[in-house]
Amino acid sequence: MSHDPNSRKLLPEALRRQTLAVRAAVDRSQYGENSEALFLTSGFVQESAESQARRFGGEEEGDTYGRSGNPTVRSMEMRLAALEGSEACMATSSGMAAIMLMCFSLLKAGDHVVFSQSMFGSTIKLIGSEFARFGVESTIVPQTDLDAWKAAVRPSTRLLFAETPTNPLGEVCDIAALAEIARHAGALLAVDNCFATPALQRPMELGADIVMHSGTKYLDGQGRVMAGALCASEKLVREKFLPVQKNGGMVLSPFNAWVVLKGLETLDLRMRAQSALALELAHWLEQHPAIARVYYPGLASHPQHALAMRQMEGLGGAVVSFDVKAESPEQGRARAFHVLDALQVLSLCTNLGDTKTLLTHPASTSHGKLSEAQRQAAGIGQGLVRVAVGLEHLDDMKADISRGLDTL
Ligand SMILES: *Cc1c(COP(=O)(O)O)cnc(C)c1O
């Protein structure tokens, strides 16, 4: 649980996000450490049997066992909640564990979920296949077609789940419009905010009920740990997520929480710097003769450019994808592989949100387990390359990508 009422009282009201990113956390320990403490412990010694009984009964604040809470994990939860503008937050062991916890907590057999066909591959598999085994129904809609979202809603719809911008094509959906559809349907709107992060986009301000994160990506920001989180109202976190988390155990390790906690301190700087580099790289890629198309919300050529700029503080995020020119899917795959295999500086690595620039081939990795039809529907071609832009010098990035592009 994110809220430690005593420590939040120590900070004055109305601090800005940049300040909260380095200041919001649980109170200092008795040693007065300036950098937030790492409480690497699975259990907590109890002062008395009476107090222990009250803590287990929920009548007294205080830690008992790592599956129910840890001060370092709580620090990370409080800081992320402060950045997202949510009342509370619950950290999880990975981004997928956050989606698992959300679905487990909110859905039962017969309930219905609407989500977009452009969502993260594992998200589509988890809800569309795994939860379907337990009788949870779902409808997959085109990301940007609001009428399709509206039409998919049924009386049994409990959840609308959107990701914006999407991986890897950067498709953007209108969060405020989806929140309106969800409200009319009596359903909740959850938004996967991995790609924009609260530095650029705060879905709660636009009416979302739940913000889901893979902390593995930009929140850590340096490719070190797996982590996840759900930001939501105090009521949702306390009444829905906490009981399932306590019994289900998808908890975040204190060490990983500490890494993400410190990562959040530089999130704003990194997102702005990496977005600026991504925009320059996207402009350069767009005029390269070996490239058919560039996908980046920051480009004027992007179909939802205006919406993206309105929703994301005028920035496009740090992920750029491009299609190499090719006559057939086979040639596209061979050419994309050639670009990836020619890299000498940037990493061929299926992650994103790192200070190191990472390139991948979505059709054979993140979207490799989808059927060809699902992949086609999501617009993931064999010639598609995703670039998760890091912090190297722009000229070195261009030179490294040119090695393959100029020798096709
Ligand atoms: C990586 C990712 C996830 C899953 O997060 P993990 O931490 O890898 O479990 C979910 N959604 C998006 C958009 C992602 O990029």
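Every number for a ligand or one of its atoms is a count from 1 in the order of the listing.
Contacts between Glu163 and ligand 1 below 4.0 angstrom, taking non-hydrogen atoms only, involve the side chain exclusively. Only the side chain of Asp192 comes within 4.0 Å of ligand 1, judged by heavy-atom distances.
Among the atoms of Ser214, some N or O lies under 3.5 angstrom from an N or O of ligand 1. Residue Gly95 has at least one nitrogen or oxygen atom sitting less than 3.5 Å from a nitrogen or oxygen atom of ligand 1, judged on distance alone.
Annotation: atom 8 (O) of ligand 1 to nearest protein heavy atom, Met226 CE, 3.7 Å. Among all non-hydrogen protein atoms, the one lying nearest atom 4 (C) of ligand 1 is Phe120 CE2, 3.5 Å.
Residue contacts with ligand 1: Ala227 is included, with a non-hydrogen atom under 4.0 Å away.
Proximity of a side-chain donor or acceptor of Gln46 to a complementary backbone N or O of Phe44 within less than 3.5 Å is detected.
Between the side chains of Asp354 and Tyr218, no donor-acceptor pair is found at a separation under 3.5 Å. Between the side chains of Glu87 and Ser233, no donor-acceptor pair of N or O atoms lies under 3.5 Å. One side chain, Gln201 or Asn193, offers a donor N or O that lies under 3.5 Å from an acceptor on the other.
Separating the OH atom in Tyr296 from the NE2 atom in His283 is a distance of 9.0 Å, to the nearest 0.5 Å.
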